[in-house]
Amino acid sequence: MKDIKHFINGEYVGSASGKTFDNVNPANGRVLSRVHEAGREEVNAAVNAARAAFNGPWGRMTVDQRTEILHKVADGINARFEEFLDAECQDTGKPRSLASHIDIPRGAANFKVFADLIKNVPAESFEMPTPDGTGALNYGIRRPKGVIGVISPWNLPLLLMTWKVGPALACGNTVVVKPSEETPTTTALLGEVMKAAGVPDGVYNVVHGFGGNSAGAFLTEHPDVDAFTFTGETGTGETIMKAAAKGVRQVSLELGGKNAGIVFADCDMDKAIEGTLRSVFANCGQVCLGTERVYVERSIFDEFVARLKAGAESLVIGPPDDETSNFGPLISLKHREKVLSYYQKAIDEGATVITGGGVPDMPAELAHGAWVQPTIWTGLKDDSPVVTEEIFGPCCHIRPFDSEAEAVQLANSLPYGLASAIWTENVTRAHRVAAQVEAGIVWVNSWFLRDLRTSFGGSKQSGIGREGGVHSLEFYTELKNICIKL
Ligand SMILES: NC(=O)c1ccc[n+]([C@@H]2O[C@H](COP(=O)([O-])OP(=O)(O)OC[C@H]3O[C@@H](n4cnc5c(N)ncnc54)[C@H](O)[C@@H]3O)[C@@H](O)[C@H]2O)c1
Ligand SMILES: O=C/C=C/C=C(\O)C(=O)O
């Protein structure tokens with residue numbers, strides 16, 4: 001049985017306590033590996049290593065030297081693409097077709113994009129008049145923040161971890177990463193790629209474990225971490241924000257959502273169905289940007305429901321090593337219990353189950369996997385927990401609306417504000433509605449189209465801050481203004 005160890009100061013090390021936990025393949029319930037659980041001792045060693053590297057070789061490198069190494073990291077991921085793909089699919093159960101097009105390519109892209117950005121981002125400067133007439137020149141310079149705590153979730157493990165580590169390192173910081181306990185492998189494997197690319201020891205550190213009273217909490221409580229970037233549930237974000245407040249550390253929070261799709265009668269129905277199908281069911285519905293509420297203009301409601309039902313029922317449920325599979329399991333049996341509790345709640349509240357609502361029959365070798373049926377409901381009240389709470393599974397509720405104003409009011413009716421998808425061929429309406437929807441990211445006639453130079457983040461209880469492009473600089477650097485009297 002392979003052990004997954006911490007990566008601290010350029011070496012793989014076990015936990016002093018000897019404590020480990022199982023890493024399980026959610027497609028079949030089999031144990032893949034034993035993962036070392038970090039105690040305060042390992043977290044402290046990782047933070048100390050990151051501090052030493054920050055004050056040492058990495059902090060002294062030029063931007064060109066750093067970016068050259070980060071490009072080598074990206075090349076290293078691509079050179080070991082199949083290893084990363086196998087690891088990600090075994091940890092998550094997600095289809096290879098998905099991970100090979102999204103998760104792993106973005107792992108490399110997240111280093112390339114920010115390495116290129118940091119070399120080309122301009123600094124600000126202002127000339128100012130002074131009473132004595134000689135004037136003064138102001139200019140801004142950016143400096144890395146220091147040691148960044150990175151805490152990442154299990155749904156897109158490599159993508160979401162590197163979405164933080166890429167810009168953090170490009171800006172000259174060092175990191176201590178705590179990946180999800182559900183998906184440790186690709187984060188651990190990246191340590192080998194970092195070392196081979198010439199990243200100095202201590203720049204990239206990984207500690208494994210859980211959240212509360214484990215590695216996650218030990219990291220956020222560590223006084224020598226300068227800032228935290230977190231992706232995960234809103235409740236966890238609140239907890240991390242409280243811990244970061246001690247010592248006044250900044251946080252970047254990418255949190256939960258209950259995203260709305262808005263489908264107008266003037267949409268291109270083929271596009272709307274294809275896009276909504278992906279946004280509801282991709283990654284077994286475990287995408288924060290996904291759609292769990294669909295609002296459809298009444299005149300096309302029946303046709304839309306029928307076509308989305310047909311699309312859901314055409315999904316091929318199966319394990320990653322079945323190349324025809326495009327619908328995998330949930331991340332764990334524990335998460336499946338949560339999702340199935342909402343499936344039951346929908347039935348208890350009298351929903352019309354258009355399709356799904358339970359657990360599919362799977363062959364014996366997959367019987368212990370976290371499988372659920374893709375599910376669509378109609379007929380629930382707007383205040384049903386199924387319609388207002390994040391389920392994070394392959395399901396959506398569809399509701400008709402009669403006016404644009406009603407659709408916008410419904411979309412904005414929850415305390416979340418992460419993402420939305422609007423389907424209309426009326427350009428004026430598209431701009432008008434997109435501007436009114438309370439979300440950090442709004443797609444029109446598309447979903448999950450990602451330009452990494454754009455801002456990314458949630459409003460309301462879906463997050464704090466924006467990452468992506470130059471927006472990442474605001475979090476991963478300290479901006480200093482220097483005023484020179486002329
Ligand atoms: N906004 C986004 O970009 C985005 C992206 C992906 C997932 N998410 C959200 O993430 C959630 C699913 O991921 P998850 O189940 O891994 O989330 P989670 O909050 O349970 O865990 C996320 C990470 O936080 C750690 N953690 C948990 N409690 C902690 C604590 N007290 N202190 C420190 N660390 C702690 C976990 O170990 C894990 O590594 C969903 O709510 C989803 O919406 C948001
Ligand atoms: O599950 C949430 C997906 C987040 C995706 C990104 O952060 C991204 O595309 O950069």
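Note that these values count all heavy atoms, side chains included, but never hydrogens, waters or copies made by symmetry. This chain uses plain numbering: 1 for the first residue, then up along the sequence. Counting starts at 1 for both ligands and their atoms, in listed order.
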message: Between W163 and F114, is the ring centroid distance below 6.0 Å?
response: yes
Closest protein heavy atom (residue, atom, distance) for atom 25 (C) of ligand 1: I151 CG2, 3.6 Å
- prompt: Relative to ligand 1, is A243 under 4.0 angstrom through side chain, backbone, both or neither, heavy atoms considered?
  reply: neither
- request: Could you tell me which atoms of ligand 2, counted from 1 in the order shown, lie closer than 4.0 angstrom to a heavy atom of R450?
  value: 8 (C), 9 (O), 10 (O)
- request: Give, for atom OG of S325 and atom CG of L315, the distance between the pair rounded to the nearest 0.5 Å.
  value: 9.5 Å
task: Just let me know how L418 lines up against ligand 1, side chain, backbone, both or neither, with a heavy-atom cut-off below 4.0 Å.
output: side chain
task: Tell me, yes or no, whether the heavy-atom count around E41 atom CD, taken from other residues, nucleotides or ligands under 6.0 Å, exceeds 12.
output: no
- prompt: What atoms of ligand 1 come closer than 4.0 angstrom to any heavy atom of T239?
  reply: 31 (N)
query: What residue and atom, counting heavy atoms only, is the protein's closest point to atom 13 (O) of ligand 1, and at what distance?
result: P153 CB, 3.4 Å
query: In terms of side-chain heavy atoms, does T231 have a donor or acceptor partner in K164 at a distance below 3.5 Å?
result: yes
message: Give me the residue, atom name and distance of the protein heavy atom closest to atom 8 (N) of ligand 1.
response: C288 CB, 3.6 Å
query: Does ligand 1 have a heavy atom under 4.0 Å from the side chain of H335, from its backbone, from both, or from neither?
result: neither
Basic-acidic side-chain contact under 4.0 Å: E478, K145: yes
field: Sub-4.0 Å atoms of ligand 2 with respect to non-hydrogen atoms of F448
entry: 9 (O)
message: Checking contacts here: is it the side chain or the backbone of E390 that comes within 4.0 Å of ligand 1, counting heavy atoms only? Could be both or neither.
response: side chain
task: Between R106 and ligand 2, find which residue part has any heavy-atom pair under 4.0 Å and reply side chain, backbone, both or neither.
output: side chain
- prompt: Does the distance from a Lys or Arg side-chain N to an Asp or Glu carboxylate O, for K195 and E11, drop under 4.0 Å?
  reply: yes
task: Could you tell me whether some N/O pair between T231 and ligand 1 is separated by less than 3.5 angstrom?
output: no
- prompt: Has A217 got any heavy atom lying under 4.0 angstrom from an atom of ligand 1?
  reply: yes
query: Can you find an N or O of T220 that's nearer than 3.5 Å to an N or O of ligand 1?
result: no
message: Could you go through K460 and Y416, starting from their C-alpha distance and side-chain angles, then the distance that decides it, and tell me whether this counts as side-chain contact (heavy atoms from CB on, under 4.5 Å)?
response: CA-CA 6 Å; K460 302 198 281 188; Y416 288 116; 5.9 Å; no
field: ligand 1 contact on L255 by region, counting heavy-atom pairs under 4.0 Å
entry: backbone
query: So how far is it from D3 CG to H36 NE2, rounded to the nearest 0.5 Å?
result: 4.0 Å
- prompt: Taking non-hydrogen atoms only, is F210 closer than 4.0 angstrom to ligand 1 via side chain, backbone, both or neither?
  reply: backbone
message: With heavy-atom distances below 4.0 Å as the criterion, list the atoms of ligand 2 near N155.
response: 1 (O), 2 (C)
message: Between E349 and S384, do the side chains contain a donor N or O and an acceptor N or O under 3.5 Å apart?
response: yes
message: Consider side chain to side chain contact (heavy atoms under 4.5 Å, CB included). Of L452, I77, L158, which one does N110 pass it with?
response: L452
statement: Numbered in order shown, the ligand 1 atoms found under 4.0 Å of a heavy atom of L160 are 5 (C), 6 (C)
query: At a 4.0 Å threshold, what atoms of ligand 1 neighbour a non-hydrogen atom of F456?
result: 3 (O)
- prompt: Charged N to carboxylate O under 4.0 angstrom, E474 versus R142?
  reply: yes
- prompt: How far is atom 27 (C) of ligand 1 from its nearest protein heavy atom, and which residue and atom name does that atom have?
  reply: T236 CG2, 3.4 Å
query: Does W443 have R278 sitting over its ring (NZ/CZ under 6.0 Å from centre, angle to axis within 45°)?
result: no
task: Classify the contact between S214 and ligand 1 as side chain, backbone, both or neither, using a heavy-atom distance cut-off of under 4.0 Å.
output: neither
L452 and ligand 2 - part of the residue with a heavy-atom distance under 4.0 Å: neither
field: N213, CG atom: more than 12 neighbouring heavy atoms under 6.0 Å
entry: no
- request: Calculate, to the nearest 0.5 Å, the distance between atoms CE and OG1 belonging to M161 and T229 respectively.
  value: 12.0 Å
- prompt: Do any heavy atoms of G458 fall under 4.0 Å from ligand 1?
  reply: no
task: Output the distance between atom CZ (R293) and atom CD1 (I262), rounded to the nearest 0.5 Å.
output: 8.5 Å
message: So that I know where these two stand, are F392 and W154 an aromatic pair - ring centroids less than 6.0 Å apart?
response: yes
- prompt: By number and element, which atoms of ligand 2 are closer than 4.0 Å to a non-hydrogen atom of C288?
  reply: 1 (O), 2 (C), 3 (C), 4 (C)
- prompt: ligand 2 versus T231, non-hydrogen atoms closer than 4.0 Å: side chain, backbone, both, neither?
  reply: neither
query: Got a protein heavy atom sitting under 4.0 Å from atom 21 (O) of ligand 1?
result: no
query: At what distance is the nearest protein heavy atom to atom 15 (O) of ligand 1, and which residue and atom is it?
result: W154 NE1, 2.7 Å
task: Identify, for atom 33 (C) of ligand 1, the protein heavy atom at the shortest distance, and state residue, atom and that distance.
output: G216 C, 3.2 Å
- prompt: Which option out of N155, I331, L156 puts a heavy atom nearest to atom 6 (C) of ligand 1?
  reply: N155
- request: Return a yes/no value for E233: is any of its N or O atoms, backbone included, closer than 3.5 angstrom to an N or O of ligand 1?
  value: yes
- request: Indicate, as side chain, backbone, both or neither, the part of V287 found under 4.0 angstrom from ligand 1 when only non-hydrogen atoms are considered.
  value: neither
query: At what distance, to the nearest 0.5 angstrom, does CZ of R96 lie from CD1 of I104?
result: 9.5 Å
- prompt: Nearest to atom 38 (C) of ligand 1, what protein heavy atom do you find, and at what distance?
  reply: S152 O, 3.4 Å
message: Among all protein heavy atoms in this structure, tell me which lies nearest to atom 35 (C) of ligand 1, with the distance rounded to 0.1 Å.
response: G211 CA, 3.4 Å
query: Could E181 and K178 be called an ion pair, given the rule that one side-chain N must be under 4.0 Å from one carboxylate O?
result: yes
query: Does D383 pair with K381 as a salt bridge, N-O distance under 4.0 Å?
result: no
- prompt: Does a salt bridge link R51 with D226, judged by any charged N lying under 4.0 Å from a carboxylate O?
  reply: yes
query: Within less than 4.0 angstrom of ligand 1, does G457 place any heavy atom?
result: no
statement: A student checking ligand 1 against P179 at a 4.0 Å heavy-atom cut-off should list atoms 39 (O)
